Protein chains: 2
Amino acid sequence: MTQPAVPRSRENTRARLLAAASEVFAELGLEGASVEAICERAGFTRGAFYSNFASKEELLLGLMQQVADQKLEQVTERVRELGEDASVHRSVAELVTSILDVGTDGPTGVVLMSEIRTNAMRDERLAEAYLAWEAAMAERVAEIVADVAEAYRLRLRIPAIEFARLILDVWDATCAFAVISGLAPLVAKDLLTQRTATLAAAVTDSE
Amino acid sequence: MTQPAVPRSRENTRARLLAAASEVFAELGLEGASVEAICERAGFTRGAFYSNFASKEELLLGLMQQVADQKLEQVTERVRELGEDASVHRSVAELVTSILDVGTDGPTGVVLMSEIRTNAMRDERLAEAYLAWEAAMAERVAEIVADVAEAYRLRLRIPAIEFARLILDVWDATCAFAVISGLAPLVAKDLLTQRTATLAAAVTDSE
DNA sequence: GTCTATAGAGGGATAGAC
DNA sequence: GTCTATCCCTCTATAGAC
């Protein structure tokens, strides 16, 4: 089914440039990262870049879209899995840990999202994409929350969507804290699990 | 007690440069803001700038320190007031509203803090200052939480310090959301109040 | 589709006059 | 303490060869 006839290099070059951009943006910031540095990282020159993207801003928008799609897909996938395996997990703590694989990013991903969020405050197009992604994430997490609450007979003290937003806020802040503190990945994940579990315990009652 | 003998202009120039920098940084980002643009906004030239700051990075560090001190002072002040007026407020909602005057920043302040947080992920010196500030903020808010809980006979479902971190996380995320959405200041404050009140209701029980 | 070469603008930082 | 003038570097984007 692989068809080399379809212009493959173009997609490939685009993908490599996007991957390189996400790294360099995370390392140097959106303004600090030069097109030259991104191309060098991807193994191309600026000519190839401008053949694939109209401008640096266009690249950023494409990157935002890619990151948002990826994360959303991961979480949606987890929602689906949870629907099938509802009876496998035992404790809420285990559940949290299991779901957290999705919420845990490497430092690069965390910095990149933070960079995008900050710049969405200044750029309307970026803002639109960011808000759509954020809303979709909250909905998916709310589905998980509702499913888990039903399966484990937990009473939510606030609506599922509010709970979902709380979780996402805590994840975001905790990931940022972990990166700024220079915490080792495993330590960071422990912290994330702990804070999520504390939150979950605080806003639910067992029936 | 005002002593014009003490070199007054130096402090004044420094202050004006810092104020201008906080605006331009918020508007264009740390990398996007040129020293020239900052000086122009402050009404000076680059010569004056380099007489007051060793480099652009040094300026950023000074700005971070200033912002952190200001915010911390505001919250500490509120803690003190609350100790004196403990019996004046009636409902938790009113309390939240009253305290929120502190947590509410203009868009410029929100963008600047977001910019600083993002860059703290890449800069060790900035990280150190940011973490110290964040920890101090959490402590102060925890004091408020504990005081209010005692005065209103509320049982906290999680330790005060955890509650405080939750509040700060929600404030941060909500302020960011408001700016990205382009919400009017009053609408933003309503949202902030509502989300804080929801959180407070969820993690406390009345005795 | 990707390269090299280059235009054209703007950046950070310094030196020295006032 | 603040100014002007300047050095040197890096940046984005384009033009044209391969």
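Please read these numbers as outputs of a predicted model, since none were measured by experiment. Order of the sequence lines fixes the chain letters, A, B, ..., with proteins taken first and strands second; residue numbering starts at 1 for each chain.
Among all heavy-atom pairs drawn from A:A164 and A:V141, the shortest one is CB-CG1, 3.8 Å. Residue A:V203 comes nearest to B:A202 through the heavy atom pair CG1-CB, 3.9 Å, listed as atom of the first residue, atom of the second, then distance.
For the pair A:E58 CD and D:dT12 P, the interatomic distance rounds to 15 Å; values are reported in whole Å. Distance, A:F49 CZ to C:dA5 P: 21 Å, rounded to whole Å. The distance between atom CG of B:N52 and atom C1' of C:dA13, rounded to the nearest whole Å, is 15 Å. Across the protein-nucleic acid pair, A:I38 atom CD1 and D:dT10 atom P stand 17 Å apart, rounded to whole Å. Atom CD of B:E40 is separated from atom C1' of C:dG10 by 13 Å (rounded to the nearest Å). Going from atom CD of B:E31 over to atom C1' of C:dG11 covers 11 Å, rounded to whole Å. To the nearest angstrom, P of C:dG10 lies 12 Å from CZ of B:R46. Atom OH of B:Y50 and atom P of D:dT6 are 19 Å apart (whole Å).
Across all strands, B:A54 comes closer than 4.0 Å to no nucleic acid atom at all (heavy-atom distances).
The nearest heavy atom of DNA chain D to A:E36 and to B:F44 marks one nucleotide each, and the one closer to the 5' end goes with B:F44.
Under 4.0 angstrom from either OP1 or OP2 of D:dT2 there lies at least one side-chain N or O belonging to B:T13. The shortest distance between the side-chain N/O atoms of A:S34 and the OP1/OP2 oxygens of D:dC11 is below 4.0 Å. When the side-chain nitrogen and oxygen atoms of A:S55 are compared with OP1 and OP2 of D:dT12, none of them lie within a distance under 4.0 Å.
Rounded to the nearest 0.5 angstrom, B:L30 CG and B:L112 CG are separated by 7.5 Å. Once rounded to the nearest 0.5 Å, the distance linking CG of A:L131 with CZ of B:F177 reads 6.0 Å.
Of the listed nucleotides (C:dT4, D:dT4, D:dG1), C:dT4 has the atom at the smallest distance from the side chain of A:T45. Of all nucleotides listed (C:dC3, D:dT4, C:dG12), C:dG12 comes nearest to the side chain of B:K56.
Under a 3.5 Å cut-off, the side chain of A:K56 and the backbone N or O of A:A33 do form a donor-acceptor pair.
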